[in-house]
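Working notes, structure below.
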There are 2 protein chains.
Amino acid sequence: MNNEEAARARVVSTADRLFYAQGVQAVGMDAVRSASGVSLKRIYALYPSKDDLVLAVLRHRTEQWNTGLAKAVAAAGTPRDKMLAVFDFLAEWFREDDFRGCAFINFFGELGGGNSKVAAAVREQKTSFQRHVAGLVRDAGGPGHLAPQLALLAEGAQTTAAITRDPGTAAQARAAAETLIRCAFE
Amino acid sequence: MNNEEAARARVVSTADRLFYAQGVQAVGMDAVRSASGVSLKRIYALYPSKDDLVLAVLRHRTEQWNTGLAKAVAAAGTPRDKMLAVFDFLAEWFREDDFRGCAFINFFGELGGGNSKVAAAVREQKTSFQRHVAGLVRDAGGPGHLAPQLALLAEGAQTTAAITRDPGTAAQARAAAETLIRCAFE
DNA sequence: TTTGGCGGAGAACGATCGTTCTCTCGCTCC
DNA sequence: GGAGCGAGAGAACGATCGTTCTCCGCCAAA
């Protein structure tokens with residue numbers, strides 16, 4: 001049946017929104033059902049357990065993050081602007097009013113200690129991001145040690161923006177990145 | 001009765017350890033009882049609800065963090081070394097084998113969406129840390145914009161070290177901090 | 001029109017949670 | 001020694017969780 005894909009998409013995007021807003025354990029499967037309009041029977045046919053749904057949500061988030069970041073980077077001009085585009089991407093994200101930090105960090109903090117699959121998925125997303133940044137630095141001809149430093153700034157900006165809700169956080173991270181980049185190229 | 005303080009300390013430090021390792025919602029009050037050796041009746045006499053216990057744990061963590069950080073900073077020599085001592089303090093912490101990231105960030109991700117008191121306590125701790133760093137920067141004669149940048153690095157290092165378990169994370173953060181400090185002083 | 005099976009609504013089930021209550025033991029004061 | 005009180009052990013309670021099951025209505029094929 002074709003609308004299986006539609007149901008999957010509805011369930012995952014609904015679960016994503018609820019889990020991200022309230023935490024995984026605070027959202028029952030019945031809340032996913034009533035918010036998505038997909039019956040419990042069908043949800044469990046698509047995802048045999050809540051853990052499977054959580055992992056599907058993480059995959060969904062990873063794809064969204066990767067495409068959004070790739071688009072922001074592609075829109076930048078010079079290789080150095082592409083490195084800074086990471087922080088413009090973050091700034092745009094932080095402005096969303098339902099922003100509540102990095103879902104991967106949140107899920108890891110909540111579940112990582114007892115769910116190794118979630119921990120592995122989160123770890124993979126973070127290393128993938130670091131590889132992406134390393135590629136941008138390499139394309140710009142920057143030194144190898146610059147990439148993990150920029151990644152640290154990006155991670156710190158996400159948690160700081162979530163907790164303090166300071167709208168200047170993204171700009172501070174971007175300014176620090178500019179300084180690190182400038183110093184790395186001389 | 002004097003051993004009320006002893007019971008409080010045992011309950012809070014036990015709850016701290018369990019909540020930090022497994023997440024708040026994954027630890028039942030009965031687990032706190034059996035691990036601390038304090039009866040449920042007494043726990044509820046000391047902390048009327050689990051939320052109160054969580055807030056007490058956050059206060060306990062804040063004190064531990066503040067004294068540990070103050071000690072590391074005091075052990076450093078020059079004002080510039082004191083700024084870098086923050087990252088040495090982090091490096092030492094990351095090496096503990098039960099390190100699982102910043103408890104404030106973890107608690108915020110898990111509960112912040114639905115518990116405004118936890119959110120407020122976490123926010124207060126983070127702003128307090130930023131003020132502390134700002135004081136170190138001011139003492140060293142650095143520009144005002146340096147402090148939030150160093151704080152961002154510290155936050156990013158905590159989450160990155162927790163997720164990737166890369167032992168080089170602290171050194172990368174420290175190196176980035178050195179670069180930012182050097183560029184800020186010329 | 002009848003039949004058969006698929007899917008939705010939601011009740012049911014066992015487990016576990018936060019919280020309270022009961023029962024009993026041991027200690028203290030007369 | 002006996003009465004009374006504080007505290008521990010753990011059963012009990014209502015709620016909620018993840019998961020499964022039951023029932024009923026609908027639509028396709030004979």
Side-chain angles (χ1 to χ4, degrees), chain A residues 1-58 106-107 109-118, chain B residues 1-58 106-107 109-118:
Chain A
M1 185 174 306
N2 182 17
N3 70 7
E4 169 179 332
E5 283 311 309
R8 283 194 119 95
R10 219 162 42 223
V11 169
V12 166
S13 73
T14 302
D16 186 325
R17 182 166 42 85
L18 294 178
F19 290 167
Y20 179 62
Q22 311 176 37
V24 175
Q25 316 211 55
V27 174
M29 294 297 279
D30 202 65
V32 175
R33 175 201 60 79
S34 72
S36 69
V38 178
S39 74
L40 272 182
K41 198 176 183 181
R42 212 130 118 79
I43 293 178
Y44 273 95
L46 299 171
Y47 304 100
S49 76
K50 192 181 186 181
D51 274 354
D52 293 297
L53 180 55
V54 170
L55 291 173
V57 165
L58 286 177
N106 291 350
F107 285 21
E110 180 175 357
L111 307 170
N115 190 319
S116 58
K117 286 192 171 180
V118 166
Chain B
M1 182 176 304
N2 184 17
N3 71 4
E4 168 179 331
E5 284 310 308
R8 283 194 117 94
R10 221 165 37 226
V11 169
V12 166
S13 73
T14 302
D16 186 327
R17 182 166 42 85
L18 296 179
F19 290 167
Y20 179 60
Q22 310 174 38
V24 174
Q25 316 211 54
V27 174
M29 294 297 280
D30 201 65
V32 175
R33 175 202 59 80
S34 73
S36 69
V38 179
S39 73
L40 273 182
K41 197 175 182 180
R42 211 131 119 82
I43 293 178
Y44 274 95
L46 299 170
Y47 304 100
S49 75
K50 192 180 186 182
D51 273 354
D52 293 298
L53 180 55
V54 171
L55 291 174
V57 165
L58 286 176
N106 292 350
F107 285 20
E110 181 175 354
L111 307 170
N115 190 319
S116 58
K117 286 191 170 179
V118 167

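None of the values given here were measured: they were computed from a predicted structure.
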Which parts of nucleotides 17-25 of chain C does protein reach within less than 4.0 Å, heavy atoms only, written one letter per nucleotide 5' to 3' as B for base, S for sugar-phosphate only and - for none? -SBB-B---
Compare all side-chain heavy atoms of B/M29 with those of B/I43 and state whether any distance is below 4.5 angstrom. yes
Determine whether A/F19 and A/N106 make a side-chain contact, defined as any pair of heavy atoms from C-beta on separated by less than 4.5 Å. no
Please report the distance, rounded to the nearest Å, between CG in A/L46 and C1' in C/dG8. 14 Å
Any side-chain to backbone donor/acceptor pair from A/R10 onto A/G37? Under 3.5 Å, distance only. no
Donor-acceptor pair, distance only, cut-off 3.5 Å: does the side chain of A/E110 make one with the backbone of A/G23? no
A/Y47 ring centre to A/R8 NZ or CZ under 6.0 Å, with the angle to the axis within 45°? yes
